[in-house]
Amino acid sequence: MSFSAVDHGMMARALQLAERGLWTTTPNPHVGCVLVRDGEIVGEGWHERAGGPHAEVHALRAAGELARGATAYVTLEPCSHHGRTPPCAEALIAAGVSRVVAAMSDPNPLVAGQGLALLQAAGIATARGLLENEARELNIGFVSRMTRGRPWLRLKAAASLDGKIALNNGVSQWITGPDARQDGQRWRARACAILTGIGTVRDDDPQLNVRGVETSRQPLRVVVDSRLETPLTARILQGGQVLVAAAVDDEKKANLLRSTGAEVLVLPNATGKVALKDLLEELGRRGINEVHAEAGFKLNGSLLREGLVDELLLYLAPCLLGHDASGLFNLPELTTLDDKRRLQIRDLRQVGADIRLIARLL
């Protein structure tokens with residue numbers, strides 16, 4: 001289907017609006033809507049937070065009677081089911097819009113084409129696929145959870161140019177500069193959960209919360225701690241939701257951690273470690289769309305070996321730490337280059353004095 005220059009411009013505006021909910025809509029998708037009549041925008045809106053009005057409702061309220069006969073540009077297919085809010089497809093029908101253009105179908109099985117079908121049955125012209133790739137990227141975590149049953153996992157690491165994340169004595173703060181660290185905070189704010197391992201908790205005692213970025217929520221913090229060794233004084237246990245994933249069912253240790261307000265979840269695999277895939281699937285069931293992993297080379301390697309990393313977010317500092325420093329990933333030795341893990345570089349830019357690289361596993 002062909003789309004006009006006006007169609008492209010209006011959908012681009014809807015995507016801009018959708019981005020405003022990037023840090024606030026969990027577990028819902030990020031959605032924007034623009035209503036256009038006679039070539040003019042008469043109403044627009046975006047989904048601001050779960051439980052609140054959807055983007056279409058905000059736009060319809062802004063347009064009022066001008067919505068009749070208008071074209072609605074929506075970044076995601078209008079919902080057709082009753083959740084915490086009424087169906088947006090029905091609201092568009094009631095408002096008398098004449099055409100609805102959706103960037104992509106809703107991957108939620110409760111919708112999955114039914115929203116557009118409902119509009120078509122009411123005599124409203126519909127189209128789909130305009131700026132679909134951009135819309136999918138915006139909701140890549142939501143799509144992952146709906147289609148794979150687990151969140152999108154983005155693994156973040158800061159390293160020297162020779163790929164080292166810490167000195168041999170464990171010192172790792174700070175390899176990169178303040179601009180890169182601030183940029184990393186924005187990626188934390190986007191995530192629904194931040195994942196780390198017991199090694200990082202012991203060595204660095206991080207808070208792993210969002211700082212220096214204005215946000216209305218803090219992500220869930222998840223610690224992979226097979227033997228329940230997280231110190232009760234660890235800063236990660238203070239101020240906010242924490243989930244400790246363990247492999248041993250030690251009620252005494254678990255209760256001590258629960259006394260700090262943390263939740264303990266026992267998910268062992270056959271080797272006595274935490275079943276990472278099961279953990280991610282459990283996070284998916286809890287409505288977690290994106291997981292931001294900040295861990296050491298052991299957990300980084302485990303996530304990669306099990307095929308659970310979707311995207312790498314690497315900050316490379318203009319320095320060298322030497323052969324004996326700790327590397328990025330604990331991965332097995334290769335005997336042939338044919339076995340190398342291939343990546344697709346999606347973005348490469350300078351952030352302050354450092355380089356930020358975003359790559360996806362092929």
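Side-chain atoms are counted along with the backbone in the values below, which use heavy atoms only and exclude waters and symmetry mates.
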Quiz item: Under 3.5 Å, is there a donor-acceptor pair between the side chain of T75 and the main chain of A135?
Solution: no
Practice problem: To the nearest 0.5 Å, tell me how far C33 SG sits from L17 CG. | Solution: 9.0 Å
Exercise. Using atom types as modelled and distance alone, determine if a side-chain donor or acceptor of D250 lies under 3.5 Å from a backbone N or O of K252.
Key: yes
Quiz item: Linking I/L/V/M/F/W/Y whenever any side-chain heavy atoms sit under 4.5 Å apart, do L279 and V264 land together?
Solution: no
Quiz item: Between R356 and D183, is there a donor-acceptor pair closer than 3.5 Å when you use the side chain of the first and the backbone of the second?
Solution: no
Practice problem: State whether the side chain of T200 and the backbone N or O of T196 hold a donor-acceptor pair below 3.5 Å, judged by distance alone. | Solution: no
Quiz item: In Å and rounded to the nearest 0.5 Å, what is the CD to CZ distance from E65 to R37?
Solution: 9.0 Å
Quiz item: At what distance, to the nearest 0.5 angstrom, does CD1 of I165 lie from CG of L321?
Solution: 10.0 Å
Practice problem: Using a 4.5 Å cut-off on heavy atoms from C-beta on, say whether the side chain of I288 contacts that of R145. | Solution: no
Quiz prompt | Distance in Å, Q207 CD paired with R235 CZ, rounded so as to fall on 0.5 Å steps | solution = 4.5 Å
Quiz item: Ion pair present between R128 and E77, side-chain N to carboxylate O less than 4.0 angstrom?
Solution: no
Exercise. Please test I140 against V143 for side chain to side chain contact (heavy atoms under 4.5 Å, CB included), starting from the C-alpha separation and ending with a verdict.
Key: CA-CA 5 Å; I140 199 161; V143 172; 5.6 Å; no
Exercise. Would you indicate whether I345, at its atom CD1, is surrounded by more than 12 heavy atoms from other residues, nucleotides or ligands within a distance under 6.0 Å?
Key: no
Quiz prompt | Cluster link V222 to V291, ILVMFWY, side chain under 4.5 Å | solution = yes
Quiz item: Hey, are D7 and R99 close enough for a salt bridge, meaning a charged N less than 4.0 Å from a carboxylate O?
Solution: yes
Quiz item: Tell me, do R211 and N209 make a side-chain contact under 4.5 Å, heavy atoms counted?
Solution: yes
Quiz item: What closest approach, in Å, do A59 and L35 show between heavy atoms, and which atom pair accounts for it?
Solution: O-CD1, 3.4 Å
Exercise. Kindly compute the distance separating CG (L256) from OG1 (T230), expressed to the nearest 0.5 Å.
Key: 12.0 Å
Quiz prompt | Test item: D354 side-chain N/O and G177 main-chain N/O as donor-acceptor pair under 3.5 Å | solution = yes
Quiz item: So, N255 versus R258: side-chain donor-acceptor pair below 3.5 Å or not?
Solution: yes
Quiz item: Do E294 and H292 have a side chain donor and acceptor closer than 3.5 Å?
Solution: yes
Quiz item: In terms of hydrophobic clustering (I, L, V, M, F, W, Y; side-chain heavy atoms under 4.5 Å; direct or indirect links), are L130 and L15 co-clustered?
Solution: yes
Quiz item: How about H47 and N28: do any of their side-chain heavy atoms sit closer than 4.5 Å?
Solution: yes
Quiz item: Within a strict 4.5 Å, meaning less than it, do heavy atoms of the L320 and S160 side chains meet?
Solution: no
Quiz prompt | Q344, CD: over 12 other non-hydrogen atoms inside 6.0 angstrom | solution = yes
Quiz item: Salt-bridged, E290 to R188, with N to O below 4.0 Å?
Solution: no
Exercise. Return yes if some donor-acceptor pair links the side-chain N/O of T24 with the main-chain N/O of E48 below 3.5 Å, else return no.
Key: yes
Quiz item: Does a side-chain heavy-atom distance below 4.5 Å link W187 with R154?
Solution: yes
Quiz item: Would you call D347-R349 a salt bridge at under 4.0 Å N-O?
Solution: yes
Quiz prompt | Main-chain N/O of Q241 paired with Q218 side-chain donor or acceptor, under 3.5 Å | solution = no
Self-check item: Short side-chain to backbone donor-acceptor contact, D162 and G322, under 3.5 Å
Solution: yes
Practice problem: Given salt bridge (charged side-chain N to carboxylate O under 4.0 Å, His left out), test R61 with E44 step by step and report yes or no. | Solution: CA-CA 9 Å; R61 287 175 178 172; E44 58 182 28; over 6 Å; no
Exercise. Calculate, to the nearest 0.5 Å, the distance between atoms CG and CD belonging to L228 and E251 respectively.
Key: 10.0 Å
Quiz item: Do V274 and N269 have side-chain heavy atoms sitting under 4.5 Å apart?
Solution: no
Quiz item: salt bridge (charged side-chain N to carboxylate O under 4.0 Å, His left out) between E263 and R286: does it pass, once the steps are laid out?
Solution: CA-CA 13 Å; E263 178 185 357; R286 297 180 181 209; 2.7 Å; yes
Quiz item: Would a distance-only check, ignoring hydrogens and angles, find a side-chain to backbone donor-acceptor pair under 3.5 Å from T260 to L237?
Solution: no
Quiz item: Just wondering, do L334 and K340 contact through their side chains at under 4.5 Å, heavy atoms?
Solution: yes
Quiz item: Hey, does L361 have a side-chain heavy atom less than 4.5 Å from the side chain of D310?
Solution: no
Quiz item: For E40, does the CD atom have more than 12 heavy-atom neighbours from other residues, nucleotides or ligands under 6.0 Å away?
Solution: no
Quiz item: Would you call E306 and K277 a salt bridge, taking side-chain N to carboxylate O under 4.0 Å as the test?
Solution: no
Quiz prompt | Verify same cluster id: V101, W46 (apolar side-chain graph, 4.5 Å) | solution = yes
Exercise. Could you tell me whether a side-chain N or O of N139 sits under 3.5 Å from a main-chain N or O of P29, the two making a donor and an acceptor?
Key: no
Quiz prompt | CA sep, side-chain torsions, deciding dist, call: R186, E214, salt bridge (charged side-chain N to carboxylate O under 4.0 Å, His left out) | solution = CA-CA 9 Å; R186 287 189 282 271; E214 195 171 323; over 6 Å; no
Self-check item: Residues R190, E311: salt bridge by 4.0 Å N-O rule
Solution: no
